[in-house]
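Below, chains carry the letters A, B, ... as their sequence lines are ordered, and counting in each starts from 1.
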Amino acid sequence: MSQHLSSQEISQWMIGERTPQQEQHVRQCSECGAELARLQAALALFRGSVRHCSGRQSRSEPSDIASILSVRRGPRIQPMRWALAAAALLVLAAVPIYRNAQDRQRQAEIARADTLLLEQVDAEVSRAVPRPMEPLVKLVSWDFSSTIQNEEIR
Amino acid sequence: MIAAVERSASEIDDLDTLVHLYWTRVFRFALASLRDPDAAGSVAQDCFLRAYRSREQFRGDCSIQSWLMRIAVNLIRDYARNRRLQFWKRASASAVDLEAVSQWIPDDDASPESRAMAREQLAAVWKAAGGLSERQRTVFLLRFVEDMDLLEIAAATGMKEGTVKLHLFRALQAVRERIGRSQ
């Protein structure tokens, strides 16, 4: 391989994709070797810079561990909180159901009383004469059909 | 294999050890992704808390680091989306001073010219990383800052290995282009 590495081949080289021919060429070609070395040096500088920056900015571990540990205790308390919240919700949900049942019972009682009253009214209305006049009806009874026949003869 | 999984599971059970072993990496990745130390601290804490709470779901099919990074990647994505801030595109408003971090050059013995050139390259990489898409930046940081291999990155991001390669390739092309422009 006599040609220099292309831009794409240099990037592929850095990823680790290289052929034996390319490796041989880089060993012999100072230009390609220098290009790869320059890129590797820039990336190494970047790595060092990030690590240096991170080292300066990093919080002290113990306090971070402590804060994580304090949060870690959370899950043990969390189920209790959820249980209490669920219980409160159940109570709140049960109140309308209880009230609804009471209302229904009351309405049923009212309906029963209404039915009874209506039956009594029906019984009163279905009488031929009012109850105080019933003894008179028994005393003065006439044959209604014969009276009509007599009227027709006349 | 079973012993390794059991050892991993026991490591996760011990939150103190987990934090002690992996805090630096998770915080560093979050900081490099968000460029905000407060946000990075919150993300790192949430990451360990989530890992601890869902430790029973860890089946040992990837390393603890990959598993933690996967949680961190999701948290960082959610955080950035929820806040609707594009940290990397607002260098001036970010907590991490881009100019200051670009000045960091470890080799004091180098000539002033070499140091100036290195500073330019470093600034170019920082700027290029800021211009990458979310996925490209994630795989770029995991590969070149956290030194994770492609399979680990695939496990951490939930992408296929080929997709990781593609994002990494594009990220590198963008970085190389920026470095080339800086010279």
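We find the CZ-OG distance between B:Arg25 and A:Ser54 to be 12.0 Å, quoted to the nearest 0.5 Å. To the nearest 0.5 Å, atom CD1 of residue A:Ile15 and atom NE2 of residue B:His167 are 11.5 Å apart. Annotation: the span from B:Arg176 atom CZ to A:Ile10 atom CD1 amounts to 4.5 Å, rounded to 0.5 Å. Note that CZ of B:Arg28 and SG of A:Cys53 are 11.5 Å apart. Values are rounded to the nearest 0.5 Å.
Atom CZ of B:Arg77 is surrounded by more than 12 heavy atoms from other residues, nucleotides or ligands within 6.0 Å.
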Quiz prompt | Test log, rule side-chain contact (heavy atoms from CB on, under 4.5 Å), inputs B:Thr24 and A:Arg51 | solution = CA-CA 9 Å; B:Thr24 305; A:Arg51 291 182 176 207; over 6 Å; no
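The aromatic rings of B:Trp126 and A:Phe46 lie perpendicular to each other, with more than 60° between the two planes, well past the 30° mark.
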All N/O donor-acceptor pairs, side-chain side in residues 105-117 of chain A, below 3.5 Å, sequence neighbours left out:
| from | atom 1 | to | atom 2 | distance (Å) |
| --- | --- | --- | --- | --- |
| A:Arg106 | NH1 | A:Asp103 | OD1 | 3.3 |
| A:Thr115 | OG1 | A:Ala111 | O | 2.7 |

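Along residues 142-155 of chain B, the residues that come nearer than 4.5 angstrom to chain A, judged on non-hydrogen atoms, are B:Phe144, B:Val145, B:Glu146, B:Asp147, B:Leu150 in order of number.
The shortest side-chain heavy-atom distance between B:Val125 and A:Leu45 does not fall under the 4.5 Å cut-off. With a 4.5 Å cut-off on side-chain heavy atoms, B:Lys165 and A:Gln12 do not count as touching.
Pairing each heavy atom of B:Leu172 with each of A:Ser11, the nearest pair is CD1-O, 3.5 Å.
If you measure heavy-atom distances from A:Gln8 to chain B, the contacts under 4.5 Å come from both the backbone and the side chain. No part of B:Phe29 comes within reach of chain A, as not one of its non-hydrogen atoms sits under 4.5 angstrom from that chain.
For the set B:Val175, B:Val164, B:Leu168, the entry with the most heavy-atom pairs within less than 4.5 Å of chain A is B:Leu168.
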